[in-house]
Protein chains: 2
Amino acid sequence: MKIERHTATATDDEPGSTPERLVAAAERLFAERGFNGVSVREIAAAAAVNPASVGYYFRSKEGLLAEVYRRHCQPMNEERFRLLAAARERARPPALAAVLEAFIRPALKLTGDAKAPVTRLRAVLSAENSELLDKLVAENFDRSSGRFIDALGECLPHLSRDDIYWRFHFLLGAVYYTAAGPHRIRTLSQGRCDPADSEAVIRELVPFLSAGLSAPPVPRP
Amino acid sequence: MKIERHTATATDDEPGSTPERLVAAAERLFAERGFNGVSVREIAAAAAVNPASVGYYFRSKEGLLAEVYRRHCQPMNEERFRLLAAARERARPPALAAVLEAFIRPALKLTGDAKAPVTRLRAVLSAENSELLDKLVAENFDRSSGRFIDALGECLPHLSRDDIYWRFHFLLGAVYYTAAGPHRIRTLSQGRCDPADSEAVIRELVPFLSAGLSAPPVPRP
DNA sequence: GTCTATAGAGCGATAGAC
DNA sequence: GTCTATCGCTCTATAGAC
């Protein structure tokens, strides 16, 4: 769809254009304060752009969120798939720890300009706005979740599909909570455990999840 | 402080009084939609009470939240301590699974009138409003968290204090995410795994966390 | 002590000039 | 295509009647 121009005239997809500035500012502010915690005016001010541009380019505040969400998830999921493929090349079935890291590492990567992980956006949003958000989650993660659930099933053949679902759910909780970054554990540990340190999180979280996922199957009624 | 009256006149602490009605309605609505997602007017309407009462009894919307939070956490923590003491009576050190269940079960209990776990309130709030919320969390949970971290340390003498902190953090993530109730896993599993079924959650979560917490200590630089 | 009424600010969205 | 201006609405908090 994108057409190359002969001139240097700014197009909508270039970094400094109005919609790009809006998406960048919105990603940061939504991640910091959620959807209801930020106004369109604040986003426009942070982007140094006219407030009316939001309606013009994205139809509404929700339209802007949808675009932010999409652009946010796409590269993260691509990196997840790339790492998962690499893990599969190293071993069949892939090592459990490698699958977990392929899922977690891209989620904890820091965004370009902010100091928060990309996943904080989703962690913060996951509580509110359930109408629109369910749609966005399904659109952006059905394929990704399915593939990782399959990979976990390969690694853990002693488990039923339901075991995998439950444990994948708990895994998501640990990752989201960490990405949301409540510094509670940093306070309690007097600074020694810092959820903002993604390498430390991966080092601690992967063995924890590996052990949890490898637990014996749960007998169900 | 409460004084018994000779008459049936309503006092501030009686179930149907204005502040009680406000707290009950606010607990439900804040848990459903977060702090920014609900207006004082909506809360007052749900309580069938005048909107101005919020300012009168609680000084502000935030004051109402603080009261809701306090009343919400206190009985839950009391039940946690009661269950933890019972686990200690059965064995010294207490069984790991018993400690975990003592922490989790009261958090997943359903509120009186709503169908959501009491913990959903905290899960939803934990993303937004960090200024006030950090204060509330510290006020309401420092004692509780400390005692459970100690109990986990007793159960898991092979772990360092930092191992315990990290794993307690991941535990919180799994519990909060479940309580926030994203039915994502219910959809993916075509209804077979339902995070709203607290008995099922406890059955699945306790073995998962037991195994995760019991993992070998992580070598740290 | 509880109400009505409203102040004062901020909201999302849009019409219409340029 | 991007702006200014503003509509119509909702918000929190409070002043003052009863």
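Protein chains get the first letters and strands the later ones, always in sequence-line order, with residue 1 at the start of each.
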Please identify each residue that fulfils ring pair (Phe, Tyr, Trp, His ring centres under 6.0 Å) with B:F141, with sequence neighbours left out.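 Not a single residue meets the ring pair (Phe, Tyr, Trp, His ring centres under 6.0 Å) criterion with B:F141.
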
Mind checking what makes ring pair (Phe, Tyr, Trp, His ring centres under 6.0 Å) contact with B:Y177, not counting sequence neighbours?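 If we apply the ring pair (Phe, Tyr, Trp, His ring centres under 6.0 Å) test to B:Y177, skipping adjacent residues, the hits are A:H169, A:Y176.
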
Ion pair check, A:K109 and A:E79, cut-off under 4.0 Å: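 Yes, A:K109 and A:E79 are salt-bridged.
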
For residues 37-44 of chain A, please give each side-chain donor-acceptor pair under 3.5 Å, one per line with the distance, not counting sequence neighbours.
{"from": "A:S39", "atom 1": "OG", "to": "A:E42", "atom 2": "N", "distance (Å)": "3.2"}
{"from": "A:S39", "atom 1": "OG", "to": "A:E42", "atom 2": "OE1", "distance (Å)": "3.4"}
{"from": "A:E42", "atom 1": "OE1", "to": "A:S39", "atom 2": "N", "distance (Å)": "3.0"}
{"from": "A:E42", "atom 1": "OE2", "to": "A:R33", "atom 2": "NH1", "distance (Å)": "2.9"}
{"from": "A:E42", "atom 1": "OE2", "to": "A:R33", "atom 2": "NH2", "distance (Å)": "3.4"}

Between protein and nucleotides 12-14 of chain C, what N or O pairs are separated by less than 3.5 Å?
{"from": "C:dG12", "atom 1": "OP1", "to": "A:V40", "atom 2": "N", "distance (Å)": "3.3"}
{"from": "C:dG12", "atom 1": "OP1", "to": "A:K61", "atom 2": "NZ", "distance (Å)": "3.1"}
{"from": "C:dG12", "atom 1": "OP2", "to": "A:V40", "atom 2": "N", "distance (Å)": "2.8"}
{"from": "C:dG12", "atom 1": "N7", "to": "A:R41", "atom 2": "NH1", "distance (Å)": "2.7"}
{"from": "C:dG12", "atom 1": "O6", "to": "A:R41", "atom 2": "NH1", "distance (Å)": "3.3"}
{"from": "C:dA13", "atom 1": "OP2", "to": "A:K61", "atom 2": "N", "distance (Å)": "3.0"}

With sequence neighbours excluded, give me every salt bridge (charged side-chain N to carboxylate O under 4.0 Å, His left out) pair touching residues 168-194 of chain A.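 Only A:R184-B:D142, A:R186-A:D194, A:R192-B:D162 qualify under salt bridge (charged side-chain N to carboxylate O under 4.0 Å, His left out).
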
Rounded distance (Å) that lies between atom [atom2] of [N] and atom [atom1] of [X]:
X: A:L22; N: D:dG1; atom1: CG; atom2: P; value: 16 Å
X: A:I43; N: C:dC11; atom1: CD1; atom2: C1'; value: 12 Å
X: B:N36; N: D:dT10; atom1: CG; atom2: P; value: 18 Å
X: B:L29; N: D:dC11; atom1: CG; atom2: C1'; value: 16 Å

For B:E27, which residues count as a salt bridge (Lys or Arg N to Asp or Glu O under 4.0 Å) partner, sequence neighbours excluded?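 Listed in chain order: nothing, the list is empty.
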
